[in-house]
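Convention: sequence-line order gives letters A, B, ...; per-chain numbering from 1. Side chains included, hydrogens not; waters and symmetry mates left out as well; all remaining heavy atoms used.
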Protein chains: 2
Amino acid sequence: MKRKYDLIYRSLVERIEREEWGIGELLPSENELKDHYRTSRETIRKALNVLSQKGYIQKVRGKGSVIIERNKFNFPVSGLVSFKELVDKMDLDVKTHVEDVGLLKADPFLQEHLQVAKDEPVWQSIRTREFSGERVILDKDFLIADHVPNLTTEICQDSIYAYLEGELGLTISFAKKEITVEKPIEEDACLMDLGDFNHVVLIRNYVYLDDATLFQYTESRHRPDRFRFVDFARRHH
Amino acid sequence: MKRKYDLIYRSLVERIEREEWGIGELLPSENELKDHYRTSRETIRKALNVLSQKGYIQKVRGKGSVIIERNKFNFPVSGLVSFKELVDKMDLDVKTHVEDVGLLKADPFLQEHLQVAKDEPVWQSIRTREFSGERVILDKDFLIADHVPNLTTEICQDSIYAYLEGELGLTISFAKKEITVEKPIEEDACLMDLGDFNHVVLIRNYVYLDDATLFQYTESRHRPDRFRFVDFARRHH
DNA sequence: AAGTGGTCTAGACCACCCG
DNA sequence: GGGTGGTCTAGACCACTTT
């Protein structure tokens with residue numbers, strides 16, 4: 001089913017990115033947009049709310065919807081947007097090395113992070129990311145095997161997310177991320193080009209399906225000089 | 001004006017935190033809630049959408065609204081929630097030291113980060129945060145003086161946010177945050193107890209008012225072992 | 001006073017899930 | 001088939017900003 005407010009949202013994004021209105025200028029009013037798109041005002045408001053959530057506009061009562069400056073890098077470094085999407089969008093020169101893929105039985109570590117029973121089958125994927133000749137990111141993915149019939153080197157080489165959402169029809173709905181800075185463990189030093197760096201940035205990522213079940217746990221380890229996280233937060237009063 | 005959906009949202013938060021429903025259980029349906037709170041379904045849906053955005057529930061089509069596990073630490077380490085709120089909520093043993101407060105004229109650095117004209121007056125505040133005897137955070141705040149008549153040591157000692165939103169009636173609407181890891185500069189080593197650490201986590205924070213104007217730039221420097229950032233992200237399809 | 005976005009209503013139809 | 005959440009409508013009143 002085509003959602004009208006989503007079509008309007010996409011249309012407005014396209015017009016904003018074409019710079020039909022400049023930074024600080026006002027979008028047409030909700031009533032004008034309602035007439036232009038031949039719909040109801042509530043539907044326009046849904047589209048504008050998405051624009052607002054994504055950081056395209058700021059709504060000001062009594063005035064209108066102001067176009068705000070949008071950081072081009074405004075997406076998670078590792079999370080709901082897949083690494084492949086990120087690389088494609090930024091047109092980076094990156095190689096992915098699949099270090100290991102296999103089926104494990106849940107040990108206490110996985111039991112804790114994935115909230116599964118002992119010996120529950122879990123897929124493991126270990127990958128490194130190479131930027132201009134240096135391996136600076138180490139990604140360890142753990143997926144509950146329940147939903148995933150097979151995980152191959154080819155899939156991990158391309159994009160696990162594309163496989164999950166494309167081939168398997170799974171829907172990721174939300175994720176919790178935790179970022180800390182840690183001392184490297186032996187595995188980091190072994191698989192990454194750490195040089196003199198004696199810290200790694202550790203991103204723990206818990207991914208949930210649309211039925212609210214925990215499905216995947218990922219540890220992403222970044223060399224500090226290649227780490228960058230950008231966040232856009234709206235205050236709700 | 002009292003917003004009905006906000007009252008319902010608060011009521012439901014209170015009921016969820018009282019564990020009227022357990023993790024994984026379903027909230028009453030929208031129609032039941034509509035009758036219970038004597039309102040329309042759209043108003044109930046607004047309240048539920050806020051619950052969903054805040055990570056209390058996950059809506060599942062055809063089934064209902066599932067209570068999800070909510071991380072107690074699910075708020076920004078430094079950003080839209082003020083440091084004071086954070087400390088109060090977590091009941092931490094923290095001291096704030098105001099190292100410097102004063103009025104500056106915008107130099108090229110401030111011109112870039114605050115997008116102001118040369119020599120525009122800007123308040124500066126430099127504070128360190130002491131946890132169990134060690135100074136582990138350094139906060140440098142820059143506020144465009146336009147909106148702020150006076151900034152005193154007392155205000156900085158307590159909470160700048162409380163002053164802005166309470167006393168001055170300013171409304172913060174959104175912020176952009178950028179997290180990186182850097183080598184400490186001399187000032188860091190001077191004002192913080194860095195010990196052997198040769199990295200600091202740098203959080204750059206750009207704060208906007210409700211008329212979408214940039215108002216404040218903050219650099220928050222954390223000793224790596226005391227840094228932790230938690231993020232909850234919802235995927236929009 | 002006119003225009004803006006914010007809230008609220010009552011009703012409708014749809015897609016999806018489950019017994 | 002009955003219940004669930006998702007979308008959409010047309011209209012109303014409010015608070016706020018600008019003219």
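- Between T39(B) and dT9(C) there is a side-chain N or O to OP1 or OP2 distance below 4.0 Å.
- When the ring pair (Phe, Tyr, Trp, His ring centres under 6.0 Å) test is applied to Y56(A), no partner is found at least two apart in sequence or on another chain.
- Below 30°, between 30° and 60°, or above 60°: for Y217(A) and F109(A) the angle between ring planes is above 60°, a perpendicular geometry.
- Whole-Å rounding puts the I57(B) CD1 to dT4(D) P distance at 15 Å.
- Atoms NZ (K4(B)) and C1' (dC14(D)) sit 14 Å apart, rounded to a whole Å.
- Put simply, NZ on K46(A) is 7 Å from C1' on dG6(D), counting in whole angstrom units.
- Across the protein-nucleic acid pair, D210(A) atom CG and dA15(C) atom C1' stand 14 Å apart, rounded to whole Å.
- As rounded to whole Å, 15 Å separates atom P of dT7(C) from atom CD1 of I44(B).
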Restricting both atoms to N or O, compile the protein contacts to nucleotides 1-5 of chain C shorter than 3.5 Å, with distance only.
unit_1, atom_1, unit_2, atom_2, d
dG3(C), N2, G62(A), O, 3.3
dT4(C), OP1, S29(A), OG, 3.2
dG5(C), OP2, E30(A), N, 2.8
dG5(C), N7, R41(A), NH2, 3.4

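- The pair R127(A)-D141(A) meets the salt-bridge criterion, with a side-chain N (NZ, NE, NH1 or NH2) lying under 4.0 Å from an Asp/Glu carboxylate O.
- Between the CD atom of E42(B) and the C1' atom of dG5(D) there is a distance of 11 Å, given to the nearest Å.
- As rounded to whole Å, 9 Å separates atom P of dT7(C) from atom CG of N49(A).
- The distance from the CD atom of E20(B) to the CD atom of E14(B) is 8.5 Å, given to the nearest 0.5 Å.
- Contact annotation: T43(B) reaches the phosphate of dT9(C) (side-chain N/O to OP1 or OP2, under 4.0 Å).
- Going from atom CG of L33(A) over to atom P of dT9(D) covers 14 Å, rounded to whole Å.
- No side-chain donor-acceptor contact under 3.5 Å links S29(A) and N31(A).
- Legend: residues meeting ring pair (Phe, Tyr, Trp, His ring centres under 6.0 Å) with Y9(B), ordered by chain and number and at least two apart, are absent.
- Distances shown here put a side-chain N or O of Y5(A) below 4.0 Å from the OP1 or OP2 atom of dT7(D).
- Between H147(A) and F215(A), a ring centre-to-centre spacing shorter than 6.0 Å is recorded.
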